[in-house]
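First up is the structure itself, then whatever we jot down about it.
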Amino acid sequence: KIRSYILQYAPPVLYRYRYGSEWDIKNLKEDSLWLSTLKEYNDPFENRIFIDFKAIADDLICKDKELIEMMHFRHIDQQNSIYKKYITDVMSMGEKLLDELEMKRNRLFTACFSETNSSLLMWAHYANSHKGFCIGYQFKDIIEKFGVNIFPITYSNDFLKIDSYDLFCDHHEIFIKACKKKSKEWLYEKEWRLFGRYRINEPYEKGMTIKAPRPFCIYLGVNIEKTLKLELINICKEKKIKLYQMGISEKGYRLLGYQI
């Protein structure tokens, strides 16, 4: 049911902007995909979670009925050393939690896609100032290859929050949710994120390569160099991939693709 729902409402094609490096060409020839750890992404706010130590301490205290009764009986408030000790203890445990979250960021491998192939900013940032290319994958092929492990990013002005003792102790679900959330500043990217393997990553590796479905189409950047263009033309002919050239609209700040 989940698979059918996603296929019904997801965009038919998702795109990956590529710089045009030798590594990008190698992955294209081998039908492979590069997955990075969260640590390697260009957003320093990636997977950030706000830990509300005071709220967690309050929640922990509320779970101890005898302590609550004693605090009422003795008129103990938030300035009392007993209360402050709870916050100190939670913050001490919080150091371990922060280490665990950092470890998870180093162990989860993901890849980013976009709903659009015509973003001026993404062509500039991720495709070598329009000198690279953009690969399109049919969504049904992605699901067929990887299962239901790709999700749209949601955008917000606020971090997700750990503010209860239960979340503090069992934080895996909120960690995954935070992997699917970014600042509204990134809204233009219309990102989808593929979740790959979660594995021990010691010694640390920046990413890993996995087999990918064959691309459905490729768009060449406006400023692509001739040698790269010819190489991509040959690859597309061999693999029977639809090939398009991006051009500049005469009427406004838009890119237009035409098949070649």
Side-chain angles (χ1 to χ4, degrees), residues 3 6-8 10-36 40 109-150 152 188-197 206-260:
R3 180 190 177 106
I6 290 179
L7 285 172
Q8 182 179 355
V13 180
L14 290 178
Y15 300 94
R16 276 173 65 80
Y17 293 82
R18 311 316 296 158
Y19 191 88
S21 66
E22 291 182 10
W23 184 255
D24 293 327
I25 295 298
K26 183 175 185 293
N27 283 336
L28 184 60
K29 287 180 177 178
E30 297 176 355
D31 291 327
S32 57
L33 192 66
W34 175 256
L35 277 67
S36 302
E40 299 303 318
F109 294 82
T110 65
C112 300
F113 296 78
S114 173
E115 294 182 15
T116 178
N117 62 1
S118 58
S119 168
L120 302 184
L121 287 175
M122 283 195 283
W123 273 105
H125 295 162
Y126 304 128
N128 191 17
S129 300
H130 298 258
K131 297 174 186 175
F133 57 98
C134 182
I135 308 175
Y137 295 91
Q138 288 190 297
F139 195 89
K140 63 181 182 63
D141 292 340
I142 295 174
I143 294 293
E144 184 68 31
K145 183 71 177 179
F146 302 113
V148 186
N149 287 306
I150 187 166
Y188 70 92
E189 291 195 345
K190 299 179 181 179
E191 182 182 341
W192 285 66
R193 189 164 291 182
L194 175 68
F195 286 72
R197 290 182 60 191
K206 293 181 178 181
M208 61 184 295
T209 301
I210 60 173
K211 293 301 291 182
R214 180 166 294 186
F216 173 67
C217 59
I218 290 178
Y219 285 78
L220 306 178
V222 170
N223 297 325
I224 193 166
E225 294 182 359
K226 186 176 181 179
T227 52
L228 178 57
K229 181 174 181 175
L230 290 174
E231 187 167 16
L232 289 170
I233 288 174
N234 291 332
I235 292 172
C236 288
K237 282 182 179 178
E238 180 183 340
K239 292 181 171 290
K240 296 180 171 58
I241 300 170
K242 293 181 179 180
L243 184 62
Y244 298 83
Q245 175 66 62
M246 278 299 192
I248 296 173
S249 169
E250 295 179 354
K251 298 180 179 180
Y253 296 102
R254 296 187 303 275
L255 293 172
L256 302 174
Y258 57 90
Q259 192 164 2
I260 58 176

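The first residue of the sequence shown is numbered 1, and numbering continues consecutively from there. Hydrogens, waters and symmetry mates are skipped; everything else that's a heavy atom, side chains included, is used. Computed from a predicted model, the values in this text were never measured in an experiment.
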Got a second to check how far [X]'s [atom1] is from [Y]'s [atom2], nearest 0.5 Å?
| X | Y | atom1 | atom2 | result |
| --- | --- | --- | --- | --- |
| N223 | M246 | CG | CE | 12.5 Å |
| N117 | C134 | CG | SG | 5.5 Å |
| R193 | S114 | CZ | OG | 12.5 Å |
| F146 | K211 | CZ | NZ | 10.0 Å |
| L228 | L220 | CG | CG | 7.5 Å |

Got [X] and [Y] here, is their nearest side-chain heavy-atom distance under 4.5 Å?
| X | Y | value |
| --- | --- | --- |
| E115 | P11 | yes |
| I241 | I135 | no |
| L256 | I248 | no |
| S118 | Y219 | no |
| Y244 | I260 | no |
| L194 | L33 | yes |
| S36 | F109 | no |
| T116 | Y17 | yes |

- Query: Among all residues two or more places apart in sequence or in another chain, which pass the side chain to side chain donor-acceptor pair (under 3.5 Å) test with E225?
  - Reply: none
If I compare all heavy atoms of [X] with all of [Y], which pair ends up nearest, and what's the gap?
| X | Y | value |
| --- | --- | --- |
| I218 | C236 | CD1-SG, 3.7 Å |
| G132 | I224 | O-CD1, 3.9 Å |
| F133 | G20 | CE2-CA, 3.7 Å |

- Message: Can you pull out every salt bridge (charged side-chain N to carboxylate O under 4.0 Å, His left out) where at least one residue sits in residues 16-30? Sequence neighbours excluded, please.
- Response: R18-D24, K26-E30, K29-E231
- Message: Once salt bridge (charged side-chain N to carboxylate O under 4.0 Å, His left out) is applied, what residue pairs with a partner in residues 245-260 remain, sequence neighbours excluded?
- Response: none
- Y253, OH atom: more than 12 neighbouring heavy atoms under 6.0 Å: no
- Please indicate whether E238 has more than 12 foreign heavy atoms, meaning atoms of other residues, nucleotides or ligands, lying under 6.0 Å from its CD. no
- Task: Measure the acute angle between the ring planes of F113 and Y137, then classify it against the limits of 30° and 60° as parallel, tilted or perpendicular.
- Result: perpendicular
- Check side-chain contact (heavy atoms from CB on, under 4.5 Å) between F139 and all other residues, then give those that pass, not counting sequence neighbours. I6, L7, A10, L14, I143, I150, W192
- Excluding sequence neighbours, so at least two apart, what forms side-chain contact (heavy atoms from CB on, under 4.5 Å) with N27? W23, S32, W34, T209
- Query: Given Q245 and K229, is the side-chain contact (heavy atoms from CB on, under 4.5 Å) satisfied, shown in steps?
  - Reply: CA-CA 9 Å; Q245 175 66 62; K229 181 174 181 175; 3.3 Å; yes
- Summary of side chain to side chain donor-acceptor pair (under 3.5 Å) pairs that have at least one residue in residues 121-136, sequence neighbours excluded: Y19-N128, N42-Y126, Y126-E189
- Take I25 and L232 through the side-chain contact (heavy atoms from CB on, under 4.5 Å) test and state the conclusion after the steps. CA-CA 8 Å; I25 295 298; L232 289 170; 3.8 Å; yes
- Message: Go through it in stages, so that I can follow the logic: the residues are K239 and L28, the test is side-chain contact (heavy atoms from CB on, under 4.5 Å), and I'd like the CA-CA distance, side-chain angles, deciding distance and then a yes or no.
- Response: CA-CA 10 Å; K239 292 181 171 290; L28 184 60; 5.5 Å; no
